[in-house]
Student: 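Sharing a structure below in structure tokens format, with a few things to ask.
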2 protein chains.
Amino acid sequence: MRMGRPREFDAETALDQAMEVFWRHGYEGATIAQLTEAMGINPPSLYACFGNKEGLLKAALDRYTKLRGVWMDEVVAAPTARDVAERMLMGIADKQTDPANPPGCLLVQGGIACGSGSENVPFELAARRAQNEDQLRDRFIRAKAEGDLKESSDPAALARYVSAVSVGMGVMASSGADREALRQVATVAVQAVEAQSVDKT
Amino acid sequence: MRMGRPREFDAETALDQAMEVFWRHGYEGATIAQLTEAMGINPPSLYACFGNKEGLLKAALDRYTKLRGVWMDEVVAAPTARDVAERMLMGIADKQTDPANPPGCLLVQGGIACGSGSENVPFELAARRAQNEDQLRDRFIRAKAEGDLKESSDPAALARYVSAVSVGMGVMASSGADREALRQVATVAVQAVEAQSVDKT
DNA sequence: CCACATCTGTAGTGAACACTACATATCTGG
DNA sequence: CCAGATATGTAGTGTTCACTACAGATGTGG
């Protein structure tokens with residue numbers, strides 16, 4: 001099997017740069033010119049490697065969720081449902097205001113509404129957000145089985161709730177909310193999970 | 001003063017149609033062709049009346065917040081902070097899944113991230129969301145003064161929290177969540193406000 | 001009825017967009 | 001060293017975008 005000329009750029013490093021552009025400008029707002037400049041390559045290299053703009057987005061999302069998945073595993077490893085929610089929301093407050101990244105969450109900033117021809121982009125992002133929600137739901141189901149959450153609690157509703165707060169915090173972060181403001185939101189939000197928990201006194 | 005030829009379309013009716021296009025496709029995803037077709041006019045009429053695309057968006061946002069403001073007044077008229085939160089979030093669950101409108105909230109769907117040249121669009125939307133948050137905060141300050149909310153509570157944080165949940169619910173609605181799912185989120189979310197309220201037993 | 005002002009429809013404008021043809025460069029297998 | 005295969009840089013491609021020039025239509029004031 002012939003190999004041909006090897007590519008001169010690192011795909012993952014380039015993806016990190018592309019991720020940041022999508023994160024900051026959204027899928028439709030990001031132009032190929034911006035992407036190629038950030039990635040340090042020319043359009044033909046981009047298309048040879050990722051197919052098209054949407055393929056590049058999906059590759060960037062894969063990388064994002066992969067990195068984020070490691071953190072999510074730590075989140076659901078917390079001992080109680082309340083601690084899971086706290087670790088999740090407090091972590092999000094910090095991550096979404098980390099100056100190393102654009103503010104907010106790529107799974108939201110990427111594109112909530114899109115024009116004709118990109119209708120599946122919001123769908124794609126929603127599917128990735130749903131993965132996190134599923135992970136939370138499974139964790140809360142376990143918490144209920146362990147007697148950590150009340151019998152009257154609804155693990156799926158709780159997971160949806162935490163997921164909704166996360167998304168809301170992301171939007172607030174992208175529009176300028178600082179870390180302290182997001183932490184306050186997280187602190188309040190955790191109390192709803194606490195209300196569904198069995199007292200430990 | 002000369003009057004000239006009168007316009008042949010109703011500006012508010014046209015704005016309602018434009019609002020729906022922005023709502024469904026976002027600012028960048030909406031094209032002038034889609035907007036003019038929905039409004040039933042030709043481009044020159046649009047530009048003569050609203051200046052440019054961004055001017056049309058602002059006019060649509062003005063109309064949206066005006067209509068929404070009436071409802072917000074009813075929300076903050078609820079007797080307690082807890083009831084304000086419940087009325088707000090339950091109402092949002094219903095409104096954002098009303099088949100008469102596109103799903104979600106225009107102030108979010110309009111555009112969270114935009115490309116170069118439209119950077120102020122997300123800012124504009126954020127400013128309108130902040131108005132609602134301010135209204136909630138003022139109501140919660142009153143609730144605290146009335147002894148409805150605990151002395152330890154933070155009205156500004158509570159308002160941010162309810163605002164964040166609202167936004168999160170909007171994003172979920174736009175990606176297919178049904179009314180029942182959103183109501184469950186609202187039900188859980190209200191419990192955090194309850195936890196900040198003085199017991200009425 | 002005329003001068004003027006404003007609106008409307010047709011038909012475009014230049015610019016920016018995602019994407020690619022093509023020639024050249026750099027690798028592997030033999 | 002050669003043949004085939006893949007990557008790269010230059011320089012475009014056609015399309016779509018927001019926006020507008022212009023001419024004709026429709027109103028008001030004198």
Side-chain angles (χ1 to χ4, degrees), chain A residues 1-15 17-19 21-22 24-60 110-111 113-121 124, chain B residues 1-15 17-19 21-22 24-61 110-111 113-122 124:
Chain A
M1 178 181 165
R2 313 298 180 89
M3 282 289 295
R5 176 175 175 177
R7 81 164 47 103
E8 295 182 0
F9 64 94
D10 177 57
E12 293 204 330
T13 306
L15 263 184
Q17 306 306 316
M19 202 169 77
V21 176
F22 283 133
R24 199 174 296 279
H25 298 291
Y27 175 74
E28 294 195 304
T31 69
I32 297 290
Q34 286 175 322
L35 290 164
T36 52
E37 180 174 357
M39 299 167 84
I41 61 177
N42 290 308
S45 299
L46 191 159
Y47 284 90
C49 191
F50 302 105
N52 56 17
K53 190 182 176 184
E54 200 169 327
L56 176 61
L57 175 72
K58 286 182 182 172
C114 277
S116 311
S118 309
E119 289 95 348
N120 44 337
V121 167
E124 188 78 27
Chain B
M1 178 176 165
R2 313 298 179 87
M3 283 289 296
R5 177 176 175 178
R7 81 162 49 104
E8 296 180 358
F9 63 97
D10 177 56
E12 292 205 331
T13 306
L15 262 185
Q17 306 306 318
M19 203 169 76
V21 176
F22 282 132
R24 200 174 296 279
H25 297 291
Y27 176 74
E28 295 195 305
T31 70
I32 297 290
Q34 286 174 324
L35 289 164
T36 52
E37 180 174 357
M39 298 166 86
I41 61 176
N42 289 307
S45 299
L46 190 159
Y47 284 90
C49 191
F50 302 104
N52 56 19
K53 190 181 177 184
E54 200 170 326
L56 176 61
L57 175 72
K58 286 183 184 173
L61 291 177
C114 276
S116 311
S118 310
E119 289 95 348
N120 44 337
V121 168
E124 189 78 27

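Quick note on labels: first sequence line is chain A, next is B, and so on, each numbered from 1.
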Student: Checking side chain to side chain contact (heavy atoms under 4.5 Å, CB included) between A/Phe22 and each of A/Lys53, A/Gln34, A/Glu28, which is the one that passes?
Tutor: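 Of the listed options, the one satisfying the test is A/Lys53.
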Student: Identify, residue by residue, the members of residues 24-52 of chain B with a heavy atom below 4.0 Å from DNA chain C, and return them in order of residue number, or none.
Tutor: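 The answer is B/Asn42, B/Pro44, B/Ser45.
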Student: Enumerate donor-acceptor pairs with a distance under 3.5 Å from any side-chain N or O in residues 36-46 of chain A to protein atoms, sequence neighbours excluded.
Tutor:
residue : atom : partner : partner atom : Å
A/Thr36 : OG1  : A/Ile32 : O            : 2.9
A/Thr36 : OG1  : A/Ala33 : O            : 3.0

Student: If I take atom CG from residue A/Leu56 and atom CG from residue A/Asn52, how far apart are they, to the nearest 0.5 angstrom?
Tutor: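 So the CG of A/Leu56 and the CG of A/Asn52 are separated by 9.0 Å.
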Student: Determine whether a donor-acceptor pair (N or O, by modelled atom type, separation under 3.5 Å) exists between the side chain of B/Gln17 and the backbone of B/Leu15.
Tutor: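 Such a contact is absent between B/Gln17 side chain and B/Leu15 backbone.
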Student: How many Å lie between CD on A/Glu8 and C1' on C/dT26, as a whole number?
Tutor: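 Rounded to whole Å, this separation is 8 Å.
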Student: From the options C/dC19, D/dT28, D/dA18, select the nucleotide whose nearest atom is closest to the side chain of B/Lys53.
Tutor: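 Selected nucleotide: D/dA18.
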Student: What's the CZ-P distance between A/Arg5 and C/dT26, to the nearest Å?
Tutor: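 Atom-to-atom, A/Arg5 to C/dT26, this comes out as 6 Å.
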Student: Taking the side chain as every heavy atom from C-beta outward, state whether B/Glu54 and B/Ser118 have any atom pair closer than 4.5 Å.
Tutor: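 They are not in side-chain contact.
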Student: Tell me: CZ of A/Arg7 to P of D/dG9, nearest whole Å?
Tutor: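 It is 13 Å, rounded to the nearest whole Å.
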Student: Give the minimum heavy-atom separation between A/Gly117 and A/Glu119, together with the two atoms involved.
Tutor: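 The answer is N-OE1, 3.0 Å.
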